[in-house]
Amino acid sequence: MSNIIRRAGADTRYLITGFPLAVVSFCLLVPVFAAGLGTAVIVGGLFALGLALIIARGFAAVERQASAEVLARPIDAPRYRRPPEGAGWFRAGITPLTCGQSWMDLGHGILRLPLAVASFAITVSWWAVAIGGLLYPAYGWALHRIPGNQGLPELLGHGGDLRTGIAFHLVLGALFALLLPVVLRFLAQLNAGFAKAFLSPVAPVRPGSAGPPHPPYPYPQAPSADPASAYAMR
């Protein structure tokens with residue numbers, strides 16, 4: 001039970017914080033990217049596109065750390081393409097445009113907004129129904145005394161007395177509470193999987209690696225034993 005509660009809390013935190021992060025990234029990336037795309041025929045437009053890609057890298061780094069708790073392991077950080085040593089200001093400014101992973105980061109920063117909004121709405125609504133239904137006996141009597149108030153049980157044709165309302169909301173709240181960990185896990189995995197598809201490097205290069213291993217020696221090596229010992233073995 002403690003593991004379920006801890007997991008539900010982690011998934012809720014990830015989904016709740018992902019919504020404002022998605023809104024901020026969308027509001028920053030779309031105008032800068034649109035300005036750069038509209039003026040790409042001049043040098044300033046290329047630099048605006050490069051700026052959008054650099055901003056997207058920052059949001060991608062935050063998302064890689066945030067989704068680590070959901071995926072049980074962090075997403076591998078890519079090694080972005082850097083300008084060569086001694087490169088001029090123009091070459092350094094357009095280098096991000098030649099990095100494929102930077103474009104994937106930009107796509108994630110823009111396209112994640114609909115999924116984040118839907119996940120946030122479902123998470124908040126599910127928590128509200130679960131808590132509101134389980135706590136209905138504490139405040140249901142006050143709602144029942146409001147003149148002309150019709151609760152959900154009465155609208156569904158189950159009667160409008162207080163006992164019926166308490167029983168109905170308790171059952172509804174308990175049902176939503178039981179399904180809450182499953183729904184949160186599904187939404188968190190969906191958002192983290194979306195991030196992993198965009199932000200995972202195709203071939204992560206780890207620090208200290210010197211490239212692919214050398215191919216095996218194509219020719220057989222000579223025996224180490226000298227001719228005298230070989231003759232004695234006969």
Side-chain angles (χ1 to χ4, degrees), residues 1-27 29-30 59-75 107-200:
M1 182 60 66
S2 61
N3 292 334
I4 294 177
I5 295 176
R6 183 169 60 252
R7 174 55 61 188
D11 293 341
T12 302
R13 181 172 60 252
Y14 173 70
L15 294 171
I16 294 297
T17 57
F19 169 68
L21 185 64
V23 172
V24 174
S25 65
F26 183 87
C27 293
L29 293 176
V30 170
F59 285 106
V62 174
E63 177 61 26
R64 290 187 184 97
Q65 295 297 326
S67 61
E69 191 174 9
V70 177
L71 298 173
R73 63 180 302 271
I75 300 177
H108 175 265
I110 295 177
L111 300 178
R112 68 172 299 190
L113 181 63
L115 180 60
V117 172
S119 300
F120 177 83
I122 295 175
T123 300
V124 173
S125 302
W126 211 279
W127 269 107
V129 174
I131 297 176
L134 294 177
L135 296 181
Y136 189 82
Y139 65 90
W141 60 270
L143 298 178
H144 188 72
R145 291 184 178 181
I146 299 176
N149 178 59
Q150 290 184 338
L152 183 59
E154 187 176 0
L155 294 176
L156 295 177
H158 297 294
D161 59 293
L162 181 58
R163 293 183 179 180
T164 302
I166 291 177
F168 178 85
H169 286 88
L170 281 177
V171 172
L172 184 64
L175 178 62
F176 271 70
L178 290 176
L179 296 178
L180 181 63
V182 179
V183 174
L184 293 177
R185 182 99 286 248
F186 171 76
L187 294 176
Q189 289 283 358
L190 184 62
N191 283 264
F194 183 80
K196 186 177 181 180
F198 275 83
L199 306 181
S200 295

Open item on the list: Contact between Y14 and S67 at the side-chain level, heavy atoms closer than 4.5 Å - yes or no?
Closed with: yes
TODO: Would you name the heavy atoms of F120 and L15 that are closest together and state the gap between them?
DONE: CD1-O, 4.3 Å
Task: Any donor-acceptor pair under 3.5 Å from S25 side chain to A22 backbone - done: yes
Open item on the list: Under the criterion side chain to side chain contact (heavy atoms under 4.5 Å, CB included), I'd like the reasoning laid out for H169 against L135: C-alpha separation, chi angles, the key distance, then a yes or no.
Closed with: CA-CA 9 Å; H169 286 88; L135 296 181; over 6 Å; no
Task: Side chain to side chain, V124 and I16, heavy atoms closer than 4.5 Å - done: yes
Open item on the list: I need the minimum non-hydrogen distance between L21 and F59, along with the two atoms involved.
Closed with: CD1-CD2, 3.7 Å
- [ ] Output the distance between atom NZ (K196) and atom CD (Q189), rounded to the nearest 0.5 Å.
- [x] 9.5 Å
Open item on the list: Is there a side-chain contact between R6 and N3 in this structure, where contact means two heavy atoms from C-beta onward sitting under 4.5 Å apart?
Closed with: yes
- [ ] Name the orientation class of the two ring planes belonging to W126 and F176 (parallel below 30°, tilted from 30 to 60°, perpendicular beyond 60°).
- [x] tilted
Task: Side chains of I75 and E63 in contact at under 4.5 Å (non-hydrogen atoms) - done: no
Open item on the list: If you define the side chain from C-beta out and look only at heavy atoms, does anything of D11 sit under 4.5 Å from L187?
Closed with: no
Open item on the list: Quick check: closest heavy atoms across I166 and P137, and the distance to 0.1 Å?
Closed with: CG2-CG, 3.8 Å
Task: Interatomic distance, L113 atom CG to F19 atom CZ [nearest 0.5 angstrom] - done: 7.5 Å
Task: Distance in Å, H144 NE2 paired with L162 CG, rounded so as to fall on 0.5 Å steps - done: 5.5 Å
Open item on the list: Parallel, tilted or perpendicular: which one describes the rings of F198 and F194, with boundaries at 30° and 60°?
Closed with: tilted
TODO: Identify the heavy atoms of A8 and L184 that sit nearest to each other, and give their distance.
DONE: O-CD1, 3.7 Å
Task: Considering all heavy atoms, the nearest G173-L134 contact - done: C-CD2, 3.9 Å
Task: Residue pair A10 / E69: nearest heavy atoms and the distance that separates them - done: CB-OE2, 3.4 Å
Open item on the list: In the structure I gave you, are the side-chain heavy atoms of L170 and Y136 within less than 4.5 Å of one another anywhere?
Closed with: no
Task: Donor-acceptor contact present, side-chain R7 to main-chain R185, <3.5 Å - done: no
